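These values consider heavy atoms only, across backbone and side chains, with no hydrogens, waters or symmetry-generated copies. Because the structure is a prediction, the values reported are computed rather than measured.
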Amino acid sequence: MDDENERAARAKKGSPFLNTAQAAFYIGLSQRTLEKMRLKGGGPKFRKHGRYVRYHIDELDDWSKGRSQDATPEDGDAGPTAAGEGGRS
């Protein structure tokens with residue numbers, strides 16, 4: 001029985017599953033924001049292990065990669081300025 005407990009403890013140390021607090025920290029959101037996303041949709045995939053919510057680290061990475069966007073001038077990109085566009089001479 002002790003051998004089984006030791007194996008389980010070793011497996012848990014290297015587990016790819018994160019709880020809500022760990023997942024929120026990992027992707028840089030608040031725990032509350034992640035909980036709201038879970039209820040309303042639009043957040044990363046999650047799993048229910050009994051009554052516990054778990055996020056797989058690979059799915060957090062995939063979700064984050066899918067959120068990437070190109071910068072727009074409003075984001076501070078050095079795009080064309082209003083004075084430089086079609087200005088009169």
Side-chain angles (χ1 to χ4, degrees):
M1 184 75 167
D2 285 337
D3 186 43
E4 289 177 316
N5 291 338
E6 288 177 32
R7 272 193 337 201
R10 282 195 308 269
K12 186 165 176 71
K13 281 185 181 178
S15 176
F17 293 101
L18 305 177
N19 65 30
T20 303
Q22 293 166 327
F25 179 80
Y26 182 76
I27 59 176
L29 296 174
S30 73
Q31 185 174 343
R32 185 69 181 126
T33 297
L34 198 53
E35 290 168 350
K36 286 179 184 178
M37 291 175 132
R38 193 166 62 231
L39 292 173
K40 294 182 179 181
K45 291 181 181 178
F46 65 94
R47 303 167 190 211
K48 293 282 284 196
H49 293 185
R51 64 182 175 134
Y52 301 102
V53 173
R54 296 292 181 251
Y55 294 86
H56 194 283
I57 199 163
D58 291 340
E59 291 173 347
L60 292 171
D61 288 337
D62 291 344
W63 177 81
S64 179
K65 288 175 188 172
R67 311 277 306 159
S68 65
Q69 299 176 4
D70 292 332
T72 61
E74 294 83 31
D75 292 335
D77 186 17
T81 62
E85 294 178 9
R88 296 181 183 152
S89 18

With distance as the sole criterion, is a donor-acceptor pair present between the side chains of R38 and T20 under 3.5 Å?
-> yes

Locate the shortest heavy-atom distance separating L60 from A23; write the atom from each residue and the value.
-> CD1-CB, 3.8 Å

From the list K65, K45, R47, salt bridge (charged side-chain N to carboxylate O under 4.0 Å, His left out) partner of E59 resolves to R47

Is the closest side-chain heavy-atom distance between Y55 and I27 below 4.5 Å?
-> no

Look at the aromatic rings of F17 and H56 and report parallel, tilted or perpendicular, splitting at 30° and 60°.
-> perpendicular

Stepwise side-chain contact (heavy atoms from CB on, under 4.5 Å) test for L34 and F46 = CA-CA 10 Å; L34 198 53; F46 65 94; over 6 Å; no

Considering all heavy atoms of both residues, which atom of A21 and which atom of Q31 are nearest to each other, and what is their separation?
-> CB-OE1, 3.5 Å

Close side-chain approach of R54 to N19, heavy-atom, < 4.5 Å = yes

